[in-house]
Number of protein chains: 2
Amino acid sequence: MQNAVFKALSHPARRQILALLRKGPQLAGDLAAEFDTSWPTMSRHLAVLKDAELVTAERQGNQILYRINTSVLEDAATALLGLIGRDDGDDPLKEAAE
Amino acid sequence: MQNAVFKALSHPARRQILALLRKGPQLAGDLAAEFDTSWPTMSRHLAVLKDAELVTAERQGNQILYRINTSVLEDAATALLGLIGRDDGDDPLKEAAE
DNA sequence: CTGCTAATTAGCAAAACTGCTAAATATAGT
DNA sequence: ACTATATTTAGCAGTTTTGCTAATTAGCAG
């Protein structure tokens, strides 16, 4: 759902997490270590990102590897760009392609 | 502030408003008429968008004309795209240009 | 100044969000 | 089974967001 994506993007810590994942997949622990907030709080941020499908999680033995999902991010960016082009028709929030 | 922009974008009604403004500037009343929510609620959504500088407001006699601010929207889209490209450096959430 | 329409501000209640600590779960190693 | 580590889930308090109705402000017409 598009709405979940924008909601997930609305918190700076979550955007930061995505920024960190640009370098490549990261373990939950390594991500959490980069922040001042408590571990459980980070865990919840990750859950929000996962719900929005902005990231995927994969168990790796003892730990969990998070990976960014660029296609969802692309869709969000495209949606924003779609809001920009002047439109003379009457079909809002849709024909973003081309 | 970047954060205000993403926060503003996190509510579906506000994204809808931006979509309506694609067609061109609109009076607050005309915008409000497109939604089921009460007038004051719409007014607040508009205020949030204005705070984030996603729209500008201009008095037009009795009424108020809202206009989309595409440059802020572009910046937001660019920020998202910047989150996508693989990065081997260590400078997150920044070098989105080029 | 009075009345009318357009829009915002105030104030309130309900819901959602954030972040914490404590407790639970999962996996690996012994 | 027991322990240690990694991560999530529960439960709670404080804050923010949302949406409503009622009241207010702003500009215009007579």
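These numbers come from the heavy atoms of this one structure, side chains and all, not from hydrogens, waters or symmetry mates. Residue numbering restarts at 1 for every chain, and letters A, B, ... go by the order of the sequence lines.
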Looking only at heavy atoms, the pair that brings B/L80 and A/A77 closest together is CD1-N, 3.8 Å

Nearest-angstrom distance from the residue atom CG of A/L49 to P of D/dT7
16 Å

Taking the nucleotide of DNA chain C with the nearest heavy atom to each, does A/A13 or A/Q60 sit closer to the 5' end?
A/A13

Mate of D/dC28 across any strand shown (Watson-Crick or G-U wobble, both atom pairs under 3.5 Å) is C/dG3

Atom NE2 of A/H45 and atom P of D/dT8 are separated, to the nearest Å, by 13 Å

Looking at every heavy atom in both A/A79 and A/F6, which two are closest together, and how far apart are they?
CB-CZ, 4.3 Å

Scan residues 27-38 of chain B for pairs that pass salt bridge (Lys or Arg N to Asp or Glu O under 4.0 Å), counting only residues two or more places apart or in two chains.
none

Given C/dC17, is OP1 or OP2 found less than 4.0 Å from the side-chain N or O atoms of B/K7?
no

Heavy atoms only: give me the nearest B/V5-B/A52 pair and the separation to one decimal.
CG2-O, 3.7 Å

A correct 5'-to-3' footprint of nucleotides 5-10 of chain C, with B, S and - meaning base, sugar-phosphate only and no protein heavy atom under 4.0 Å, is BSBBB-

d(CD, A/E58; P, D/dA6) in whole Å:
18 Å

Given atom CZ of A/R14 and atom C1' of C/dA16, what is their separation to the nearest angstrom?
12 Å

Would you say B/S38 reaches D/dC20's phosphate, i.e. side-chain N/O to OP1/OP2 under 4.0 Å?
yes

D/dT18 phosphate, OP1 or OP2: any side-chain N/O from B/T41 under 4.0 angstrom?
no

Inter-residue atom distance A/H45.NE2 - A/Q16.CD, 0.5 Å rounding
11.5 Å

Could you check how far CG of A/N3 sits from P of C/dA16, rounded to whole Å?
13 Å

Mind listing the side-chain donor-acceptor pairs of residues 61-70 of chain B below 3.5 Å, one per line with the distance, residues two or more places apart or on another chain?
residue: B/R67; atom: NH2; partner: B/E58; partner atom: OE1; Å: 2.8
residue: B/N69; atom: OD1; partner: B/S71; partner atom: N; Å: 3.3
residue: B/N69; atom: OD1; partner: B/S71; partner atom: OG; Å: 3.0
residue: B/N69; atom: ND2; partner: B/E53; partner atom: O; Å: 3.1

